[in-house]
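Everything below concerns the one structure shown next.
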Amino acid sequence: MYRFIPFFALLLLLPVQMLRAQCSDAGACAIGAMHGESDVEVPRHQAAVRYIFGSSGKPEEISYHSILFEGSVEVFSGARVSARLPYMVVDAPPGSISGIGDLTVLWDQRLWQDDGMELRAQGGVKLPTGEDNAKGLPQLYQTGLGTTDLLLGLSLDAAPWNAAIGYQYSDGRSENSRTRLQRGDDLFARAGYRTVVNDFGLGLEVIAIQRLALSSVINLEAEGLDRFISVPGSDQLQVNLLGSASTPLADNLRLALLAAIPLLKRDVNIDGLKRALTVSVGLELGI
């Protein structure tokens with residue numbers, strides 16, 4: 001029992017009022033992170049299940065409950081394929097929506113390795129497997145974004161440091177009848193430090209996501225070329241500080257927790273990706 005005290009003590013150092021993660025991730029955060037969140041050596045094959053609670057905060061007052069299923073398989077030396085799929089419950093004043101979210105699949109290829117450093121390239125896709133027009137509610141209440149997005153990235157590991165950059169290309173509009181949302185592309189960067197102390201994995205990362213263009217939605221009162229209008233402020237830069245911790249529960253099984261502190265706040269929630277509070281707990285199995 002005492003071996004868990006340092007693990008939970010770390011969480012007490014992150015007061016609730018600081019856990020205000022403004023999450024604008026539409027899939028790009030998979031780049032550089034699909035190896036797992038436990039901050040320890042990556043096994044050849046990995047499976048994980050995580051519970052994530054999020055709240056949009058005011059004025060929307062939406063609660064997001066997600067069970068995230070993840071898997072990563074080494075296809076051959078230096079190459080692996082990963083996938084993640086959430087099951088979501090969106091609880092909001094207009095009503096509750098539940099169902100699977102959007103599926104992300106990523107190929108991770110080692111390009112170069114030397115003296116403890118490793119350069120990898122990632123390429124993948126986020127598929128619109130989630131619902132984007134349930135119950136006729138606006139996009140921010142839906143479990144999916146309704147578009148097929150391409151993901152490209154590069155990551156560098158120089159233990160205990162790591163960094164990654166990525167690009168998410170989003171084309172087309174959702175089928176949401178209330179908004180017909182079209183998001184701008186995202187430019188993504190992350191950098192962090194990971195270490196292990198007495199079997200406890202600890203990590204700290206800065207993640208930044210820059211929306212490269214304003215999102216646009218349908219103008220129900222107009223027709224023709226002016227039917228779609230841009231949403232002011234929807235291209236804000238997001239910067240978050242993430243803290244992670246993990247501890248072994250048994251052979252090849254770890255308990256992992258994650259919390260986030262915003263360094264730059266996001267205000268617009270037209271896509272339903274804004275979070276005023278985010279916490280995560282998960283189990284990771286390595287083989």
Side-chain angles (χ1 to χ4, degrees), residues 11 14 16-17 19-30 33-34 36-37 47-71 82-105 125-149 168 170 174-181 183 207 209 215 217 238 240 242 244 255-260 262 266-285:
L11 300 181
L14 300 174
V16 171
Q17 63 268 26
L19 301 179
R20 300 180 55 82
Q22 306 300 322
C23 178
S24 65
D25 171 35
C29 284
M34 295 292 275
E37 306 289 352
V49 59
R50 312 181 198 278
Y51 168 72
I52 304 170
F53 170 78
S55 172
S56 69
K58 297 179 179 180
E60 301 90 358
E61 298 292 353
I62 305 172
S63 295
Y64 301 90
H65 304 270
S66 300
I67 301 297
L68 179 63
F69 301 94
E70 296 180 289
S82 304
R84 52 172 58 177
L85 179 68
Y87 181 87
M88 302 177 61
V89 177
V90 182
D91 208 357
S96 179
I97 293 176
S98 61
I100 63 172
D102 291 339
L103 172 67
T104 300
V105 180
V125 62
K126 182 192 68 64
L127 300 172
T129 52
E131 178 61 70
D132 64 350
N133 197 34
K135 298 184 178 180
L137 294 175
Q139 183 66 55
L140 76 162
Y141 302 113
Q142 305 298 323
T143 63
L145 291 170
T147 59
T148 298
D149 296 356
Q168 180 164 354
S170 180
S174 77
E175 294 299 321
N176 186 270
S177 59
R178 298 283 296 275
T179 63
R180 293 297 313 280
L181 175 68
R183 304 181 341 270
I207 293 183
I209 304 174
S215 298
V217 296
Q238 319 301 314
N240 301 313
L242 304 183
S244 60
L255 174 68
L257 285 88
L258 185 72
R266 181 176 190 255
D267 299 316
V268 177
N269 195 29
I270 190 69
D271 49 19
L273 297 174
K274 171 188 169 186
R275 298 291 184 271
L277 170 68
T278 300
V279 291
S280 169
V281 58
L283 293 175
E284 299 179 351
L285 177 65

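Just so you know, these numbers come straight off a predicted model, no measurement behind them. Residue indices begin at 1 and follow the sequence shown.
- Looking only at distances, no side-chain donor or acceptor of E60 sits under 3.5 Å from a matching main-chain atom of P93.
- Considering only heavy atoms from C-beta on, Q168 comes within 4.5 Å of R183 through its side chain.
- For R84 (side chain) and G71 (main-chain N/O), no donor-acceptor pair under 3.5 Å exists by modelled atom type.
- Contact detail for S280 and R50: the closest heavy-atom pair is OG-CB, 4.2 Å.
- In this structure a side-chain-to-backbone donor-acceptor pair under 3.5 Å is missing from T278 to G54.
- Of all heavy-atom pairs between I270 and S215, the closest is CG2-CB, 4.5 Å.
- In terms of modelled atom types and a separation under 3.5 Å, the side chain of S55 and the main chain of G57 share a donor-acceptor contact.
- G146 approaches P128 most closely through the heavy-atom pair C-CB, 3.8 Å.
- In summary, the side chains of N269 and S56 do not present any donor paired with an acceptor at a separation below 3.5 Å, with no hydrogens or angles considered.
- A donor-acceptor pair is defined here as one N or O able to donate and one able to accept, closer than 3.5 Å; no such pair exists between the side chain of Q238 and the backbone of I209.
- No salt bridge links D267 with K274; every basic N to acidic carboxylate O contact stays at or beyond 4.0 Å.
- Applying the side-chain hydrogen bond (donor to acceptor under 3.5 Å, both in side chains) test to residues at least two apart or on different chains, the pairs with a partner in residues 89-103 are D102-K126.
- Expressed to the nearest 0.5 Å, how far CG of L181 lies from CD of E175 amounts to 12.0 Å.
- Between T143 and I100 the shortest side-chain heavy-atom distance does not fall below 4.5 Å.
- No donor-acceptor contact under 3.5 angstrom links the side chains of T179 and Q139, judged on distance only.
- Side-chain N or O atoms of N176 include one that pairs as donor or acceptor with a backbone N or O of R178 at under 3.5 Å.
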Just distance, no hydrogens or angles: give the donor-acceptor pairs under 3.5 Å from side chains in residues 62-69, sequence neighbours left out.
{"unit_1": "Y64", "atom_1": "OH", "unit_2": "L140", "atom_2": "O", "d": "3.2"}
{"unit_1": "Y64", "atom_1": "OH", "unit_2": "G272", "atom_2": "O", "d": "3.3"}
{"unit_1": "H65", "atom_1": "ND1", "unit_2": "Y51", "atom_2": "OH", "d": "2.9"}

